[in-house]
Participant: 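Got a structure for you, questions after.
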Number of protein chains: 2
Amino acid sequence: MTNPGEESDSFDLASFLPFLLNQAAEEASLAFQNVYKGRYGMLRTEWRVLSHLGMYGRMTAKDIGDRARVHKTKISRAVRRLEERRFLTRSPDEADRRSEILQLTPAGEAAYRDLSGVARDYDAQLAARFSPEDQALLRRMLRQLADRG
Amino acid sequence: MTNPGEESDSFDLASFLPFLLNQAAEEASLAFQNVYKGRYGMLRTEWRVLSHLGMYGRMTAKDIGDRARVHKTKISRAVRRLEERRFLTRSPDEADRRSEILQLTPAGEAAYRDLSGVARDYDAQLAARFSPEDQALLRRMLRQLADRG
DNA sequence: TATTGTTAGTTACAAAATCAACTAATAGGC
DNA sequence: GCCTATTAGTTGATTTTGTAACTAACAATA
């Protein structure tokens with residue numbers, strides 16, 4: 001019979017990277033989530049769409065999905081809600097009539113400016129626990145983990 | 001009017017920690033998720049419950065929820081499914097009759113041994129991209145981010 | 001020992017994510 | 001041009017999660 005804590009030769013749940021990453025991600029997302037939820041009633045995917053459009057300018061739903069690695073059905077529904085709330089508009093893509101070009105309205109841009117400001121401060125506050133070198137290293141390692149496994 | 005990519009003084013979405021952490025967590029969880037899902041039809045919370053019982057031995061639902069930071073309704077449902085599949089049993093807690101002591105069955109322990117072995121290898125593989133010092137630093141930083149904000 | 005407050009866990013209902021099927025447009029042969 | 005395969009995006013059905021309300025047990029105290 002298995003004796004807990006004994007047979008687990010060298011597997012330590014508390015250090016398991018997927019577990020740690022999830023804990024950290026959830027904790028780090030929480031406070032900022034309350035901001036976009038509280039101020040604009042947005043869900044995470046809506047904030048992602050908004051921030052991509054704000055950051056990179058006009059793009060199609062596919063572009064956003066590829067960049068943010070979000071499934072197209074989630075994008076589709078987030079876009080509809082943002083459109084209903086007048087944060088973005090769609091216009092036909094002349095080059096490919098299956099797609100639509102998405103673009104923030106002035107209201108959408110105002111929300112983006114507001115939220116990205118909060119995000120910048122929040123990020124600085126999160127990172128402030130670590131030395132500048134460690135911060136840079138952390139981001140580099142996370143980026144590498146995010147890139148295909 | 002906002003000119004994308006220009007007004008965003010110093011906010012870089014691609015370096016935003018909550019975003020990066022989420023991407024890394026999702027990517028890092030994916031392959032292992034396929035294992036417990038494929039082999040045992042488990043959901044993430046079920047794997048978490050199983051791994052906590054396997055790692056730390058008999059505990060109550062509350063104990064698991066506290067350690068894993070998972071809401072009690074999720075734990076409750078995960079426990080029920082694990083019980084239905086005969087991976088764990090409940091027995092009354094003599095000291096507090098509101099609680100039940102959860103414990104893996106031999107089948108549950110076998111699944112835990114199997115999965116924790118895979119997890120150990122998988123973790124090593126994930127971490128292998130970094131030097132031992134960087135690995136240790138990464139885990140330390142993640143643990144700190146996970147600990148209350 | 002009543003009374004009030006708290007806690008462990010479950011359940012019901014609402015919100016959201018996932019998956020499959022679908023439409024409309026494009027792309028690549030042939 | 002015509003046929004088939006692929007792609008962008010939407011919709012509906014199913015599954016999973018989240019929120020609130022609930023039961024039963026415990027704890028503190030007057």
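Computation of the quantities below employed the complete heavy-atom set of this structure, encompassing side-chain atoms and omitting hydrogens, waters and symmetry-equivalent molecules. A quick note: this is a predicted structure, and the numbers were derived from the prediction, not measured. Proteins come first, then strands; the chains are lettered A, B, ... in the order of their sequence lines, and each starts at number 1.
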Participant: Go through the steps for R139(A) and D123(A) under the test salt bridge (charged side-chain N to carboxylate O under 4.0 Å, His left out), then give the verdict.
Facilitator: CA-CA 12 Å; R139(A) 289 189 221 267; D123(A) 190 77; 3.0 Å; yes
Participant: Nearest to the side chain of K62(A) - dG9(D), dT10(C), dC19(C)?
Facilitator: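 Of the candidates, dG9(D) comes closest.
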Participant: Can you identify which nucleotide, out of dT26(C), dT10(D), dT11(D), has its nearest atom closest to the R77(A) side chain?
Facilitator: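 The listed nucleotide nearest to R77(A)'s side chain is dT11(D).
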Participant: To the nearest Å, how far apart are E100(B) CD and dT7(C) C1'?
Facilitator: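 Result: 15 Å.
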Participant: Starting at atom CZ of R97(B), determine the distance to atom P of dT23(D), rounded to an integer number of angstrom.
Facilitator: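 Rounded to the whole Å, the gap is 19 Å.
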Participant: I want to verify a distance call: between dT16(D), dG9(D), dA24(C), whose nearest atom is closest to the R90(A) side chain?
Facilitator: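 Ranking dT16(D), dG9(D), dA24(C) by closest atom to the R90(A) side chain puts dG9(D) first.
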Participant: Could you check R44(A) against D96(A) and say which one's nearest nucleotide on DNA chain C is further toward the 5' end?
Facilitator: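 The residue mapped nearer the 5' terminus is R44(A).
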Participant: What's the NZ-P distance between K72(B) and dT7(C), to the nearest Å?
Facilitator: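 These atoms are roughly 10 Å apart.
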Participant: Following the transitive rule for hydrophobic clusters with a side-chain heavy-atom cut-off under 4.5 Å over Ile, Leu, Val, Met, Phe, Trp and Tyr, establish whether L21(A) and L43(B) coincide in one cluster.
Facilitator: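 No.
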Participant: Does a donor on one side chain and an acceptor on the other come within less than 3.5 Å for Y56(A) and D63(A)?
Facilitator: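 No, no side-chain donor-acceptor pair sits under 3.5 Å.
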Participant: Could you state the atom-to-atom distance from CG of L82(A) to C1' of dT10(D) in whole Å?
Facilitator: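 So the CG-C1' distance, L82(A) to dT10(D), works out to 16 Å.
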Participant: Could you check whether the rings of Y36(A) and W47(A) sit parallel, tilted or perpendicular, using 30° and 60° as the cut-offs?
Facilitator: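 Aromatic pair Y36(A)/W47(A) classed parallel.
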Participant: Tell me what T73(A) touches on the nucleic acid: a base, only sugar-phosphate, or nothing, going by heavy atoms under 4.0 Å.
Facilitator: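 Here T73(A) touches the bases of the nucleic acid.
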Participant: In this structure, how many angstroms lie between the C1' atom of dT16(D) and the NE2 atom of H71(A), rounded?
Facilitator: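 After rounding, the reported distance stands at 16 Å.
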Participant: Which is true for I75(A) with a 4.0 Å heavy-atom rule: it touches a base, it touches only sugar-phosphate, or it touches nothing?
Facilitator: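 Contact class for I75(A): none.
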Participant: Would you say E100(A)'s side chain and R90(A)'s backbone share a donor-acceptor pair under 3.5 angstrom?
Facilitator: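 A pair under 3.5 Å: no.
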Participant: dC19(C) P sits how many Å from K74(A) NZ, rounded?
Facilitator: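 Rounded to the whole Å, the gap is 11 Å.
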Participant: Between R80(A) (CZ) and dT11(D) (P), how many Å, whole number?
Facilitator: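 It works out to 6 Å between those atoms.
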Participant: For the pair made of CZ in R48(B) and P in dT17(D), what is the distance, rounded to whole Å?
Facilitator: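 Nearest whole value for this atom pair: 11 Å.
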Participant: Between S76(A) and dG9(D), is there a side-chain N or O to OP1/OP2 distance below 4.0 Å?
Facilitator: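 No, S76(A) has no side-chain N/O under 4.0 Å of OP1/OP2 on dG9(D).
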Participant: Under 3.5 Å, is there any donor-acceptor pair linking the side chain of R98(B) to the base of dT7(C)?
Facilitator: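 Yes, a donor-acceptor pair under 3.5 Å.
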Participant: Select from A61(A) and A95(B) the residue whose nearest nucleotide in DNA chain D is closer to the 5' end of that strand.
Facilitator: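 Between the two, 5'-proximity favours A61(A).
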